Enquirer: 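One structure coming up, written as structure tokens, with questions to follow.
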Amino acid sequence: MSKLFSPLAVKSVTFRNRIITSPMCMYMAEDGFTSDWHLVHYGSRAMGGAGAVMLEATAIRADGRIGVGDLGIWKDEHIEMLTKITSFIKSTGSVPAIQLAHAGRKGSTWTSGRESRPLMPDEENGWEVIAPSAIAFSPTMQTPREMTLEDIEELQQAFADAAARALKAGFEMVEIHSAHGYMINEFLSPIPNKRTDHYGGSIENRTRFLFEIIDKVKAVWPSELPIAVRISATDWMEDGWNIDDSVWLSKKLAGKGIDIVDVSSGGTVPNAKITVGSGYQLPFASKIKRELKNQLLVGTVGMITSAHQAETILTNGDADLIFIGRELLRNPYFPLDAAKQLRSEVPVPKPYELAF
Ligand SMILES: Cc1cc2nc3c(=O)[nH]c(=O)nc-3n(C[C@H](O)[C@H](O)[C@H](O)COP(=O)(O)O)c2cc1C
């Protein structure tokens, strides 16, 4: 049996293999609601054999959307259709997971595929964006309003309320989106966070916002179900958040009982010079895994496109879980193909058996 296809138990949940569908915004929702489109999209990846299917960045509040088509979990009415999706994912033997997100200063856009444009608050469908400091992401984007302490508390509570809805909807894992320059990452990084109160300045202060969210989420999320946190391991900027900060943070996350750190990078500033290539973010995951010495599970993501590449990452001890994004858009049956290549067992849907 390959490592990639050996099951992994995390608390009360067992992933049938180590492949997780990386969260990917589809921008196909209306007012945050999922539709049949999402059921088929996520359902296909579950039938395709992924160990867990993680729904895209799902807005914990309407003003937390990146674009108008983001999924939402800010009201109870969202739960019903999400439940259809989780039920289907479970029926295939996969684990339904959801990424909880707030876009911060990168919100209020119209986005679809490769196209994106900022929406100003006075435009139709636009809204005011908020962030730790009143610094725009780029010259064409809105300058956010600096959050008050009251805003901070309300937003943290919205993460917890969203987690409670996710539980009602049948999700078995939540991931707190603290990467890619969105709200939580804006607090972590010293570039967008210039606050002078106890949420800015030292790393202890900049991480406080995230740790308080974790405490609030844990108050509503059952202790036997896993929680993941996605981080940007580096801003790819001299004066930004870096891998040493991420090692420090991961140790604290382990101490807080977080089960998985999902290691991505970048997104905080538009001008970062990112060296992109096959497995380009793996060195960050690998460093965290080695320094953490199994205190929590480490996920890696970024241009992992073959069964053997994924298997080698695991057998070398560079990561515990493989998050796959675009390869699973190209081929939702990647896990079924990969299992065949690695001569491993994965439950092939009965009617597909003649094909695998
Ligand atoms: C269409 C698309 C949407 C994405 N949306 C999200 C998202 O909602 N949340 C997130 O954390 N990352 C998002 N990402 C990043 C992916 O999860 C993944 O980290 C990235 O694509 C690198 O992995 P890959 O090379 O396997 O695609 C998105 C990527 C793509 C291509």
Side-chain angles (χ1 to χ4, degrees), residues 10 20 22-23 54 57 99-102 104 131-133 152 155-156 159-160 163 173-195 197-218 221 226-269 272 274 280-302 318-321 323:
V10 188
I20 299 191
S22 203
M54 189 175 294
Q99 189 184 49
L100 303 178
H102 191 291
S133 302
I152 287 176
L155 200 126
Q156 291 174 326
F159 268 95
M173 175 161 87
V174 286
E175 177 171 272
I176 300 173
H177 194 354
S178 314
H180 303 162
Y182 297 112
M183 179 61 94
I184 299 177
N185 198 181
E186 288 160 20
F187 274 87
L188 299 180
S189 169
I191 301 175
N193 182 351
K194 300 292 183 200
R195 295 182 75 91
D197 61 8
H198 61 296
Y199 289 100
S202 66
I203 190 167
E204 288 81 5
N205 280 356
R206 283 180 279 119
T207 51
R208 189 184 310 278
F209 180 68
L210 169 60
F211 292 139
E212 288 176 352
I213 288 175
I214 291 171
D215 288 342
K216 288 192 160 74
V217 167
K218 285 185 79 174
W221 189 251
I227 305 180
V229 173
R230 175 166 270 200
I231 61 167
S232 277
T234 173
D235 289 338
W236 299 93
M237 297 290 284
E238 284 271 299
D239 53 347
W241 178 270
N242 62 36
I243 179 64
D244 294 330
D245 297 330
S246 293
V247 170
W248 181 92
L249 174 63
S250 301
K251 287 183 181 162
K252 297 276 180 196
L253 292 175
K256 282 249 166 225
I258 292 297
D259 304 282
I260 298 168
V261 61
D262 166 14
V263 184
S264 186
S265 76
T268 336
V269 287
I274 305 180
Y280 69 107
Q281 296 175 139
L282 179 61
F284 305 126
S286 174
K287 180 159 171 80
I288 292 172
K289 178 149 169 71
R290 278 164 222 289
E291 301 246 356
L292 265 284
K293 299 187 180 69
N294 297 329
Q295 292 172 61
L296 82 183
L297 297 165
V298 177
T300 184
V301 68
D318 287 325
D320 302 293
L321 289 159
F323 286 68

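In what follows, residues are counted from 1 in the order of the sequence shown. Computed from a predicted model, the values in this text were never measured in an experiment.
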Enquirer: Ignoring hydrogens and angles, state whether a donor on the side chain of S246 or W241 is under 3.5 Å from an acceptor on the partner side chain.
Expert: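 Checked: S246/W241 side chains pair up, N/O donor to acceptor below 3.5 Å.
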
Enquirer: For P226 versus D259, what's the shortest heavy-atom pair and its separation?
Expert: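 Nearest pair, atom of P226 first, then D259: CA-OD2, 3.2 Å.
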
Enquirer: Kindly compute the distance separating CD (E291) from CD1 (I243), expressed to the nearest 0.5 Å.
Expert: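 The CD atom of E291 sits 8.5 Å away from the CD1 atom of I243.
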
Enquirer: Do you know which two heavy atoms are closest between R208 and H198, and how far apart they sit?
Expert: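 Smallest heavy-atom distance, with atoms named: NE-O, 2.7 Å.
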
Enquirer: Below 4.5 Å, heavy atoms only, C-beta onward: do F159 and L210 meet side chain to side chain?
Expert: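 In short, these two side chains do not touch, never coming nearer than 4.5 Å.
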
Enquirer: I'd like to know if the side chain of R206 pairs up with that of S202 as donor and acceptor (distance under 3.5 Å, no hydrogens or angles considered).
Expert: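 No - no donor-acceptor pair under 3.5 Å links their side chains.
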
Enquirer: Output all residues satisfying side-chain hydrogen bond (donor to acceptor under 3.5 Å, both in side chains) with S250, sequence neighbours left out; order by chain, then residue number.
Expert: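 Here no residue qualifies.
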
Enquirer: Do E186 and N193 have side chains that get closer than 4.5 Å, going by heavy atoms?
Expert: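 Sidechains of N193 and E186: no contact.
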
Enquirer: On the six-membered ring of F209, is R195 placed so that its NZ or CZ lies under 6.0 angstrom from the centre and within 45° of the ring axis?
Expert: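 Verdict for F209: no cation-pi partner in R195.
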
Enquirer: Tell me every residue that passes side-chain hydrogen bond (donor to acceptor under 3.5 Å, both in side chains) with N294, counting only those two or more places apart in sequence or in another chain.
Expert: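 For N294, the residues satisfying side-chain hydrogen bond (donor to acceptor under 3.5 Å, both in side chains) (neighbours in sequence not counted) are K289.
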
Enquirer: To the nearest 0.5 Å, what is the distance between CG (L321) and CG (D262)?
Expert: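 Between atom CG of L321 and atom CG of D262 there are 8.5 Å.
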
Enquirer: Could you work out, with ring pair (Phe, Tyr, Trp, His ring centres under 6.0 Å) as the rule, every residue matching W236, not counting sequence neighbours?
Expert: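 Only F284 meet the ring pair (Phe, Tyr, Trp, His ring centres under 6.0 Å) criterion with W236.
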
Enquirer: Is any side-chain heavy atom of I260 less than 4.5 Å from a side-chain heavy atom of L296?
Expert: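 I260 vs L296: side chains apart.
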
Enquirer: Do you see a donor-acceptor pair shorter than 3.5 Å between the side chains of N185 and S178?
Expert: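 Looking only at side-chain atoms, S178 and N185 do not form any donor-acceptor pair under 3.5 Å.
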
Enquirer: Measuring only between side-chain heavy atoms, which start at C-beta, is I191 closer than 4.5 Å to D235?
Expert: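 I191 vs D235: side chains touch.
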
Enquirer: Compare all side-chain heavy atoms of V247 with those of K287 and state whether any distance is below 4.5 angstrom.
Expert: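 The answer is yes, as the side chains (C-beta and beyond) meet within the 4.5 Å cut-off.
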
Enquirer: Got R230 and P23 here, is their nearest side-chain heavy-atom distance under 4.5 Å?
Expert: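 SC-SC contact between R230 and P23 confirmed.
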
